[in-house]
Amino acid sequence: MASTAAQPVVMVTNDDGIDAPGLRFLVDQLVAQGRYRVLVCAPDTDRSGVSHCITWRSPLRCKRADITGAAAFGVSGTPADCASLGISGKLFDGLVPDLVLSGINIGSNCGFHVVYSGTVAGAREAFIYGFPALAMSYNWVAGKSSVNDLKVAAEVCMPLINAVMVEIKNGMYPKGSFLNIDVPTDAGHHKGYKITKQGKFMARIGWEPTAYKKPAVESYQTANVNAVTENDMEVDSSSENDLLFKRVIVKKSYDEEEGDDIDYKSLVDGYITVTPLGAHSRAEADAIPYYKACLSRI
């Protein structure tokens, strides 16, 4: 059961880690509102791209973090772990959130990236357990974006967060979906909020051999604030018989014929995209008759 305290309770998680600027700016904005009790339960390290992975065999280590105005823990788990633990009532002395926020992620999460995203998984995990949830991401562009843009992204998300909380408190917020929000690169000059559908955008991943212990690319979204170059990496010398491969971005693509209400197209057009998502992985409806016919012939 959500909190009945005078102040609505908001819990924040992410996949970039508890020290990530996107999370810190979001928490700053929530605290500055003066209307929320703010909880933070986020990974203690960067867990980008882990999707909905959970920790099963090992206990989670939770360490208090110093975040002004919030009760915060860095957790040795995934975003889904953090969301699950944070809403359980076990970490925050029986207190559970009215709303769960995941982000603000460094890099957009449109199209097929939703499948890979730990940010989206944090919100999805809360949704599965009946908690209203929003995933929020900023469309970071290397060489153009700056850390301050994440602050602006947090600012432009606040009206939506506030509106959702009002609906929750009025008992009007729908329970059949959670929201995936993406903020355009020029966040300060966005064109407004736009309801969109999940499209087919994808940064296609390939592989290349390497002699270094860590890949020399940025995150799977090519969105890290500080990219690491191969000059900073340690050469692997464990065995001449071992093969090392690194992920590389092959290309980015999306179906331009999908329509004007698709998430990625609307994002690059300058809108803050608001995409309702569910937790099911259903096939396209037109595939069902085909498989029914196949089974009838077995």
Q: Side-chain contact test, heavy atoms from C-beta onward, threshold under 4.5 Å: evaluate it for Pro8 versus Leu99 and give yes or no.
A: no
**Q.** Side-chain donor or acceptor of His190 paired with backbone N/O of Val183 under 3.5 Å
**A.** no
Q: State, to 0.1 Å, how close Thr13 and Pro43 come at their nearest heavy-atom pair, and which atoms those are.
A: OG1-CD, 4.2 Å
Q) Are Val147 and Ile18 linked, directly or through other ILVMFWY residues, by side chains that come within less than 4.5 angstrom of each other? A) yes
Q. Listed by chain and number, what are the side chain to side chain contact (heavy atoms under 4.5 Å, CB included) partners of Glu167, not counting sequence neighbours?
A. Met172, Tyr173
Q: Say whether Ile181 and Ile195 are linked into one hydrophobic cluster, either directly or through other cluster members, by side-chain heavy-atom distances under 4.5 angstrom.
A: yes
Q) Do the side-chain N and O atoms of Asp81 and Thr78 include a donor-acceptor pair separated by under 3.5 angstrom? A) yes
Q) If only atom types and distance count, is the side chain of Ser145 paired as donor or acceptor with the main-chain N or O of Val141 below 3.5 Å? A) yes
Without placing hydrogens or testing angles, list every side-chain donor-acceptor pair under 3.5 Å for residues 128-135, not counting sequence neighbours.
none

Q. Under the side chain to side chain contact (heavy atoms under 4.5 Å, CB included) criterion, do Glu208 and Phe245 qualify, and how do the steps go?
A. CA-CA 5 Å; Glu208 293 289 345; Phe245 291 88; over 6 Å; no
Q: To the nearest 0.5 Å, tell me how far Thr119 OG1 sits from Leu23 CG.
A: 10.0 Å
Q: Run the salt-bridge test on Lys191 and Asp269 with the 4.0 Å N-O cut-off and return the result as yes or no.
A: no
Q. Quick one: does Ser117's side chain have a donor or acceptor within less than 3.5 Å of a partner on Val114's backbone?
A. no
Q | Asp16 (side chain) donor-acceptor with Ile106 (main chain) under 3.5 angstrom | A | yes
Q: Return yes if some donor-acceptor pair links the side-chain N/O of Asp182 with the main-chain N/O of Thr273 below 3.5 Å, else return no.
A: no
(Q) Applying a strict under-4.5 Å side-chain criterion to I, L, V, M, F, W and Y, I'd like to know whether Ile168 and Val166 cluster together. (A) no
Q) Heavy-atom distance under 4.5 Å between the side chains of Thr185 and Asp149, does that happen here? A) no
Q. Can you tell me how far CZ of Phe201 sits from CD1 of Ile262, rounded to the nearest 0.5 angstrom?
A. 13.5 Å
Q.
Please determine whether the number of non-hydrogen atoms from other residues, nucleotides or ligands lying under 6.0 Å from atom CG of Asp93 exceeds 12.
A. no
Q. Roughly how far apart are Ile161 CD1 and Met136 CE, rounded to 0.5 Å?
A. 4.5 Å
(Q) Could you tell me if Tyr271 and Thr196 have a donor-acceptor pair between their side chains, going purely by distance under 3.5 Å? (A) no
Q. With hydrophobic residues grouped by side-chain heavy-atom distances under 4.5 Å, do Val274 and Leu267 end up in a single group?
A. no
Q. Does the pair Leu277 and Arg124 meet the rule for a side chain to side chain contact (heavy atoms under 4.5 Å, CB included), with working shown?
A. CA-CA 8 Å; Leu277 296 176; Arg124 187 190 297 115; 5.8 Å; no
Q.
To check you understand the geometry: which heavy-atom pair defines the closest contact between Ile205 and Arg247, and what is its length?
A. CG2-NH1, 3.4 Å
Q.
Looking only at the side chains, is there a donor atom on one of Ser48 and Asp46 sitting less than 3.5 Å from an acceptor on the other?
A. yes
Q) Roughly how far, to the nearest 0.5 Å, is the CG atom of Leu179 from the OG atom of Ser102? A) 12.5 Å
Q | Same apolar cluster (I L V M F W Y, side chains within < 4.5 Å links), Val250/Trp207 | A | no
Q.
If we ignore hydrogens and angles and just use 3.5 Å, is the side chain of Ser108 paired with the main-chain N or O of Cys110 as donor and acceptor?
A. no
Q) Once you round to the nearest 0.5 Å, how far does CG of Leu30 lie from CG of Asn162? A) 8.5 Å
**Q.** Minimum-distance pair of heavy atoms, taken over all atoms of Asn109 and Ser137
**A.** ND2-OG, 2.9 Å
Q) Where is the tightest heavy-atom contact between Leu150 and Pro21, given as atom of each residue plus distance? A) CD1-CG, 3.7 Å
**Q.** CD1 on Ile87 to SG on Cys41, rounded to 0.5 Å
**A.** 10.0 Å
Q.
Please find the pair of heavy atoms, one from Pro184 and one from Gly270, that lie closest to each other, and give the distance.
A. CG-O, 3.5 Å
Q. Just by modelled atom types, is the Asp260 backbone N or O under 3.5 Å from a matching donor or acceptor in the Ser266 side chain?
A. yes
I'd like a table of donor-acceptor pairs (distance under 3.5 Å, sequence neighbours excluded) in which one partner is a side-chain atom from residues 60-76, with atom names and distances.
unit_1: Ser76; atom_1: OG; unit_2: Arg61; atom_2: N; d: 2.7

Q: Would you name the heavy atoms of Ala121 and Ser51 that are closest together and state the gap between them?
A: CB-O, 3.1 Å
